[in-house]
Number of protein chains: 2
Amino acid sequence: MPLKNTGTEQLIKDTAKQLLFAEGKLHATTQEIADAAGVNRTSLHYYFRSRDLLISAIFQDAMQGLSQRLDECMLSETSFKVKTENIIAVFLRDMILFPYQETFLITEINTFGKKLIGNIQSGPVKSYLKEAADEMEKGTIEKMNPIHFLMNLFSLLSYPIIMAPLYKPLFRVSEKEFQKLIDERGKIIINLLFRK
Amino acid sequence: MPLKNTGTEQLIKDTAKQLLFAEGKLHATTQEIADAAGVNRTSLHYYFRSRDLLISAIFQDAMQGLSQRLDECMLSETSFKVKTENIIAVFLRDMILFPYQETFLITEINTFGKKLIGNIQSGPVKSYLKEAADEMEKGTIEKMNPIHFLMNLFSLLSYPIIMAPLYKPLFRVSEKEFQKLIDERGKIIINLLFRK
DNA sequence: TTTTATTTTGACATTTTTGTCTAACAAAAT
DNA sequence: ATTTTGTTAGACAAAAATGTCAAAATAAAA
């Protein structure tokens, strides 16, 4: 539809993504998004018709981007361990940039989550799970349902970042100290998962 | 204030807790809560004055309950491993009953989260962390910043349950199969954390 | 039984947020 | 230069949600 391409559409998307997924303001109103982007609220409707459609759009974008990068890792021609290290790197970077992305999906799953979930590819996941099973046979990782292995991986990566606002006061650590902890996570996780 | 004690106040709290923390309807309106409880919406204001105060109330209740049970585990006179097993049991049960409790805290941390966080005790946590450090010296668990150990524990416990709505379609497993996976988590986690 | 205090309810008011419509504006095409 | 098309802005309408008030209902007390 837009032909002049003033960059406003992308600006609105980027701003919304920043507000919702980076700053965690999951209830941001259209007004707040418009203000943050420095555009009139009507523009938002002009480009996306409704708040829900805007949100669907940014979520789809985000998910597609991440999925693609993760799939590349999972399907790459490397050892299982290197693959996993790459997944950790990709995922960790994404989580640090947009910590609230998945939280958003979960909290909003009642509203329009069902639709969004449909789009998730599970092909590469299946293949990665298969490889995990092979590694378990070989004995390089602990034997268990491979789904546990993957859930362990995602859990160890995501949860501390999501919970940062709670953990900083709970553990009485400064922003800087916590950042250091997060930086250490990658190694910690590899050690934990590949210790056998 | 209430003297006749008709049970309505508690009924409203229980219903709200169920809706928000168990069913994950984090944006439940006062009307929805009132309907679910089978009372007039005004009663909700009569007892709690405002929506925010109601929500603060149920959250404080929930947190206090869980904290107390966890503190009991952490301070009990048992070995570190048994302590940890108890924590897992307590936490897992709570997470299964009210999976969205922590998600709620995180998403709502901007609104009134800061106040709620103030109340969190970190005394028992400190003492548990100290014990973890001792175990690392002894060599029963991997050496790392004890905070990592605790974050690992909470992550492995919480995240799969929070993500259930996403994981079920992603891994193509039925409700029943997923339930089985969750039941296995306790053992998996102990094995992972105490493998040395 | 009347009185009193407490609880519950329905109607109304306010606030917040979303969505629409039309006019002004800008840039390219004719 | 003017027409056409696409974009932005302001005013308005509608919807959704919260909050208030006074009257009705209920249960205990006098």
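The shown structure was predicted, so the numbers you read here are calculated from the model rather than taken from an experiment. Lettering of chains follows the sequences in order, A, B, ..., and the numbering in each one begins at 1.
When distances run from any side-chain atom of B:Thr42 to the nucleotides C:dT6, D:dT18, C:dG10, the shortest one goes to C:dG10. Of all nucleotides listed (D:dA9, D:dG19, C:dT6), D:dG19 comes nearest to the side chain of B:Ser50. Ranking C:dT8, D:dA9, D:dA17 by closeness to the B:Tyr47 side chain, first place goes to C:dT8. The side chain of B:Tyr46 has C:dT8 as its nearest neighbour among C:dT8, D:dA17, C:dT9.
An OP1 or OP2 oxygen of D:dA16 is reached within less than 4.0 angstrom by no side-chain nitrogen or oxygen of B:Thr29.
Computed from coordinates, the A:Leu44 CG to C:dT20 P distance equals 13 Å when rounded to whole Å. Rounded to an integer number of Å, the gap from A:Ile55 CD1 to C:dT17 C1' is 13 Å. Going from atom NE2 of A:His45 over to atom P of C:dT17 covers 13 Å, rounded to whole Å. Atom P of nucleotide C:dT18 and atom CG of A:Asp52 are separated by 9 Å, given to the nearest angstrom. As rounded to whole Å, 11 Å separates atom P of D:dG19 from atom CD1 of B:Ile33. Between the CG atom of A:Leu53 and the C1' atom of C:dG19 there is a distance of 12 Å, rounded to whole Å. The distance from atom NE2 of B:His27 to atom C1' of C:dT16 is 15 Å, rounded to the nearest whole Å. Regarding A:Leu54, its CG atom lies at a distance of 15 Å from the C1' atom of C:dT17, rounded to whole Å.
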Which pairs would a plain distance check flag for residues 147-162 of chain B, meaning a side-chain donor or acceptor within less than 3.5 Å of a matching protein atom at least two apart in sequence or in another chain?
unit_1   : atom_1 : unit_2   : atom_2 : d
B:His148 : ND1    : A:Arg185 : NH1    : 3.1
B:His148 : NE2    : A:Glu184 : OE1    : 2.7
B:Asn152 : OD1    : A:Arg185 : NH1    : 2.9
B:Asn152 : OD1    : A:Arg185 : NH2    : 2.7
B:Asn152 : ND2    : B:His148 : O      : 3.3
B:Ser155 : OG     : B:Met151 : O      : 2.6
B:Ser158 : OG     : A:Tyr159 : OH     : 3.3
B:Ser158 : OG     : B:Phe154 : O      : 3.0
B:Tyr159 : OH     : A:Glu102 : OE1    : 2.1
B:Tyr159 : OH     : A:Ser158 : OG     : 3.3

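Counting distance only, with no hydrogens placed and no angle test, the side-chain atoms of B:Arg41 and the base atoms of C:dG10 include no donor-acceptor pair under 3.5 Å.
B:Ser43 comes within contact range of at least one nucleobase, with a heavy-atom separation under 4.0 Å. Here A:Thr30 lies in heavy-atom contact (under 4.0 Å) with sugar-phosphate atoms only.
Counting heavy atoms from C-beta on, the side chains of A:Asn86 and A:Met74 never come closer than 4.5 Å.
With respect to the salt-bridge test (charged N to carboxylate O, under 4.0 angstrom), the residues A:Asp61 and A:Lys17 do not qualify. Under a 4.0 Å N-O distance rule, the pair B:Glu72/B:Arg69 does not qualify as a salt bridge.
Judged as a side-chain hydrogen bond (donor to acceptor under 3.5 Å, both in side chains), and not counting sequence neighbours, the contacts of B:Glu131 are B:Lys83.
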